[in-house]
Amino acid sequence: MSREVIEGATKLDERQIIKVLTGLLAAFLTAILSNTIVVNAFPAMMAELAGTQTDFAWVMVAPLLTTAVSTPIWGKMADIFNKKTLFQFNIVIFVAGCVMAGSSNDMVRLIAARAVQGLALGGLMALSMAILGTTISPRDRGKYSGYVGAVATVGTAGGPLLGGFIVDSVLGWRWTFFVCIPLAVVALGVIHKTLNTSSLRRSGRVDWLGAVLLTAAVSLFIVWISFAGRHKYYPWWSWQTAAMLLGTLLISALLLFVETKVEDPIIPLKIVMERTTALCILASMTFGGAMFGAASFLSQYYQVARGTTPTEAGLLTLPMVAGNLLGSVAVGQLISRYGWWKRYLVTGAIFAVAGLALCGTMGRSTELWLTGLYTAALGLGLGMLIQNLVLAVQNTVSSEHIGTASATVAFFRSVGGAVGVAFLGALLGRRVNDLATQEGAVVGEKGVTPDFTGMSAPAIDVVRGAYAEGTGYAFLIAAGIALIGLVAVICIRELPLRQTIELPDEATEAAPRSTDPSHGPRLGLGGQDFPYVRIVL
C-alpha cells in the first residue's frame, strides 16, 4: 500500500525528542495513576458497594479487556490518521471514565466506568508507542523507553501511596478517580503545546469487521474464564463452558479467515507470524498475566491477609516498584549504549519467574522484609522485559506499520493480563472459600470481600490465613505459566538494532555482511550499522 504523506520519519535531535516526550509522558503518567491510585481503594469500594469476589475480578478485568480489544484498533488508526488528534481524543475519553467511576453508586456502573477508562488507556498505549516509533530509531529508543519506564514507575509508586492516603482521609475512595481529572486536563494542554511532530500517514481504512470479531472472541473468552467455577454461576465442566469455548473458537476461525482476505487487517498475520514478533507476543501474554495479577492481588494480600491500612499497603509495594524502576531505566540505557538486548530479556524473565515463585511462598506470618525482597525481584524482571519486548518487535517493521505492530504486542499483553487476573482471581476466590470453610469460618456470601466488623477474633484469624495462603497459591500458578514466557524469550533470535527509523531498502538487505569484526553477528557494539535481516518462522 503506497504512502500518501511521509512526515516525521527522520531522526530528531535530543532537544526535539525531549519536547515530544514531554507531552507523551504527561498523559502516560496520568493514565498509569488512574490504574494504580485505585489499587488500595478496592477493598473500600467492595465494602461500600457490596461487591463480591467476582465483582472485584471484573473491576480489574473490565479495563484490561477494553484495553486489549481497543489497542489494535487504535494502532491501526495511528497508521492512518493524525496521531496527535487521536491522542487528545483519548484523554477526553479518559476524563469521562473518571467522572463515571467517581460518581458510581453500584457495581455495574463502576465496572462500566472502568471499561471506559480501559478504552482510553488502550489508545494512549498504542499511540505513545507509535509516536516514539516514528521519531526515534530502535538503537536510540532503548534509553527513551527507559524514561517511559521511569514515568510508569513514578505512577506505580505514587499511585498506591496517594490512593491509600485519599482512602484513609475524609475524601474517601471516590476521589481516587476525581483526582485524576485535573491531571488529565493539564496533560491535554501540555500535549497541545508540545506535541508538534508530524506522523507517518498512509492511505487505508480500519478493518471494522475484523475489529468486531476480535472484540467478540476476546470478550466471550474472558466472560467464560471470569465466571467459570463461581458460586451461583456455572462449573468449569458444564454446557455453558462448552458453548462459550466453542463460540470463541468459531469466532476466532472466522476472524482468521477475514484477516487473510482484507487488504488492511486489524491483526496483520504477516507481522504476527514473523519469528521475533510471535515469540515476543507469547512472552508478553504470559508475563502480562503475572504483571497485572501481582498488582491486583498484592494490595489485597497486605490489607486483608496482613491487616494493613491502604497507606501501609502502598508503602509495602515500593520494593516491587523500585525493582521495576531499576530494570527499565538501567537496562534501557545499557541497550542504547552497547546494542545488546536479548541477554536482558532472558535475565529479566528469570528474575520474573523466580520472583513469582518466591511470592508463592508468602503466608500469614512471612516477614515483611522477605515479601519486599520477593516483590523486588519480580519488579526487576518485569522492568527488564515489558518495554524491551516491544522494542524487539519495532526493530523488525517499517515506520508505516509501527503503530499496528506495537499495538499488536500490547493487545496480546493486555489479553494475557485480563485472562491472568480473571483466572488467578477465580483460583484465589475458590481457595479462600475452601480453606475458610474447612476451618468453620464464612467469607461473606461465598466470595464477598470480607468485612471484619462484628466477626470474632478466631474467625478473623482464619479468614486472614485463608487469604494469605490463597494469594501464595495464585502466585505459584502464575510462576508455572511464566515458565512458558521464559522459554519463548530464550528462543528469540537476536537481531541488530538498526540506527535508522526506516528499514534499509531491499538492496541493502541483500548485500553481504562486512568481514570487519565490528560488523559481526553481535549487536551494534561501537555504534555500527548493520544490514537488516528478516527471519520468518
Side-chain angles (χ1 to χ4, degrees), residues 1 61-81 115 118-119 121-123 125-126 129-130 202 204-228 240-286 288-289 389-390 393 396-397 400-423 484 488 536-537:
M1 182 175 291
V61 168
L64 293 177
L65 176 60
T66 52
T67 297
V69 299
S70 67
T71 297
I73 300 174
W74 291 119
K76 178 62 66 178
M77 294 176 71
D79 287 337
I80 300 173
F81 304 110
L119 180 67
L121 183 58
M125 287 172 51
M129 292 184 291
R202 59 188 175 90
R205 57 184 180 181
V206 179
D207 171 26
W208 292 113
L209 177 57
V212 170
L213 292 172
L214 179 67
T215 301
V218 173
S219 299
L220 186 58
F221 184 77
I222 297 298
V223 167
W224 165 70
I225 202 170
S226 297
F227 292 100
Q240 292 95 332
T241 290
M244 290 187 180
L245 289 181
L246 181 60
T248 300
L249 290 175
L250 291 176
I251 296 173
S252 299
L254 182 57
L255 173 63
L256 289 176
F257 175 77
V258 170
E259 298 303 89
T260 60
K261 300 299 181 182
V262 297
E263 183 179 5
D264 222 1
I266 197 74
I267 297 292
L269 299 181
K270 182 178 180 180
I271 293 177
V272 171
M273 293 304 295
E274 200 275 335
R275 179 187 178 120
T276 298
T277 305
L279 292 172
C280 286
I281 284 174
L282 182 58
S284 294
M285 289 186 69
T286 55
L389 286 170
V390 178
V393 171
T396 67
V397 298
E400 66 177 300
H401 296 295
I402 202 77
T404 300
S406 303
T408 299
V409 179
F411 160 72
F412 283 104
R413 183 174 67 232
S414 297
V415 169
V419 172
V421 169
F423 178 66
I484 300 173
V536 184
L537 281 172

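Keep in mind that the numbers below use all heavy atoms, side chains included, and drop hydrogens, waters and symmetry copies.
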Subject >> Flag side-chain contact, heavy atom, 4.5 Å: Trp224 against Leu245 >> reply: yes
Subject >> Value rounded to 0.5 Å, distance of CZ in Phe412 from OG1 in Thr277 >> reply: 10.5 Å
**OP:** Heavy atoms only: give me the nearest Thr66-Ala115 pair and the separation to one decimal.
**Re:** OG1-O, 2.7 Å
**OP:** List in chain and number order the residues that pass side-chain contact (heavy atoms from CB on, under 4.5 Å) with Leu249, two or more places apart in sequence or in another chain; answer none if no residue qualifies.
**Re:** none
Original post:
Which distance, rounded to the nearest 0.5 Å, do you find between the OG1 of Thr241 and the CG of Leu246?
Top reply: 12.0 Å
Original post:
Looking only at atom types and distance, does a side-chain atom of Trp74 sit under 3.5 Å from a main-chain N or O of Leu119, one as donor and one as acceptor?
Top reply: yes
Original post:
If you look at every heavy atom in Leu282 and Ala488, which pair is closest and at what distance?
Top reply: CD2-CB, 3.8 Å
Subject >> Sole candidate of Thr248, Leu256, Leu250 that passes side chain to side chain contact (heavy atoms under 4.5 Å, CB included) when paired with Ser252 >> reply: Thr248
**OP:** Using the test side-chain contact (heavy atoms from CB on, under 4.5 Å), find all partners of Ile251 that sit at least two apart in sequence or belong to another chain.
**Re:** Leu213, Ala216, Ala217, Leu220
Original post:
Can you tell me how far CG of Leu389 sits from CD1 of Ile281, rounded to the nearest 0.5 angstrom?
Top reply: 10.5 Å
Subject >> Which atom of Ser70 lies closest to which atom of Gly122, heavy atoms considered >> reply: OG-CA, 3.8 Å
**OP:** Find the distance between CG (Leu209) and NZ (Lys261) and round it off to the nearest 0.5 Å.
**Re:** 13.5 Å
